[in-house]
Amino acid sequence: MSNKTRVAIVTGASRGIGKAAALRLARDGMSVVVNYAGNATEAGKTVAAIQEAGGRAFAVQADVADETAVAALFDATVREFGGVDAVVNSAGIMRLGLLAEFSLSDFDQIHRTNVRGTFVVAQQAARHVRSGGAIINLSTSVERQALPTYAAYAASKGAVEAMSLILARELRGRDITVNAVAPGPVETEFFLSGKDPATVERIAKLNPMERLGQPNDIAEVISFLAGPARWINGQVLYVNGGMN
Ligand code: NDP
């Protein structure tokens with residue numbers, strides 16, 4: 001499959017896994033729309049890195065949970081690049097705490113971005129993605145590990161998995177794959193924030209590779225799903241170096 005004229009939208013592409021995915025898909029030959037929430041400077045750096053390597057990209061600010069902004073994101077993509085072939089929904093937030101004491105306002109914020117955001121992006125993706133395309137949502141390996149303090153976040157990603165698998169079946173006949181990618185701990189601000197070095201070291205050793213995942217480890221799998229992997233559909237792919 002030639003990626004030459006294919007187009008990707010990557011949400012949360014100003015930083016972390018989304019940024020690595022945007023750079024990787026551009027390297028694969030796709031034109032890339034770099035979505036971000038508020039960090040225009042970092043989004044600009046993602047765009048500049050793609051352009052400096054000879055690729056095509058532009059940035060669009062949109063809160064993924066805002067249906068008007070997300071519709072505008074897809075409209076801008078179609079206007080500038082002519083269509084949409086891959087949608088990677090990497091925008092996400094996490095807060096940790098024991099369920100019994102968890103702030104319901106934090107719960108609502110997590111679910112607004114991770115659940116409503118994924119749903120809104122998936123809605124537009126289902127309407128726009130062309131035949132031969134792919135929709136890739138980010139879940140988490142914590143979904144399966146069931147670690148204490150992760151209830152609100154893991155619950156949001158459980159919802160992401162449910163909607164990904166159902167959408168895969170709803171798109172019957174369209175030749176569009178929908179999958180969830182479930183990383184283990186990846187060395188981004190998202191993971192490192194609020195953890196002391198000893199905790200980071202302990203978590204890094206949970207997998208038999210004895211290191212943290214890097215954004216490129218996840219981007220490689222996203223690239224595979226967005227490109228050649230036409231027979232992987234309606235799945236949750238655990239990408240965590242062998243962590244249980
Ligand atoms: P980062 O915190 O590094 O980056 C988050 C990105 O999401 C930023 O680009 C941010 O934009 C964007 N974002 C946040 N909220 C919104 C919103 N409402 N609308 C649009 N964009 C938004 O996170 P990671 O790259 O580490 O995580 C990416 C995804 O991977 C998340 O869904 C996360 O749940 C998942 N994941 C991460 C793991 C990890 O260990 N890092 C492990 C398992 C899953 P801005 O810069 O403008 O704020």
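In this chain, numbering begins with 1 at the start of the sequence shown. Ligands are counted one by one from 1 in listed order, and the atoms in each one are counted from 1 as well. The structure presented is a predicted model; accordingly, all values stated were derived computationally and were not measured.
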Give a yes/no verdict on whether any heavy atom in [X] is under 4.0 Å from an atom of ligand 1.
X	result
Lys157	yes
Gly184	yes
Met94	no
Ala62	yes
Ala65	no

List for me each residue that meets side chain to side chain donor-acceptor pair (under 3.5 Å) alongside Gln214, sequence neighbours excluded, and say none if there are none. Glu187
Taking ILVMFWY side chains as joined if any heavy atoms are under 4.5 angstrom apart, and letting links pass through other members, which residues group with Met209? none
Are Val121 and Ile9 connected, step by step, through hydrophobic side chains (Ile, Leu, Val, Met, Phe, Trp, Tyr) whose heavy atoms are closer than 4.5 Å? yes
Are Ile110 and Leu99 linked, directly or through other ILVMFWY residues, by side chains that come within less than 4.5 angstrom of each other? no
Nearest neighbour of atom 29 (C) of ligand 1 from the list Ala37, Ser90, Gly38, on a heavy-atom basis: Ser90
Check this for me - ligand 1, [X], N or O atoms closer than 3.5 angstrom, yes or no?
X	result
Tyr36	no
Ile17	yes
Ser14	yes
Val186	yes
Asp63	yes
Pro183	no
Phe191	no
Ile93	no

[X] and [Y]: side chain donor to acceptor below 3.5 Å:
X	Y	result
Ser156	Asn114	yes
Asp28	Ser223	yes
Asp196	Thr199	yes

Residue, atom name and distance, where the atom is the protein heavy atom closest to atom 44 (C) of ligand 1: Ser139 O, 3.0 Å
How close does the nearest protein non-hydrogen atom get to atom 5 (C) of ligand 1, and which residue and atom is it? Gly92 O, 4.1 Å
Looking at Asn179 and Gln235, would you say the former's side chain and the latter's main chain have a donor-acceptor pair under 3.5 Å? yes
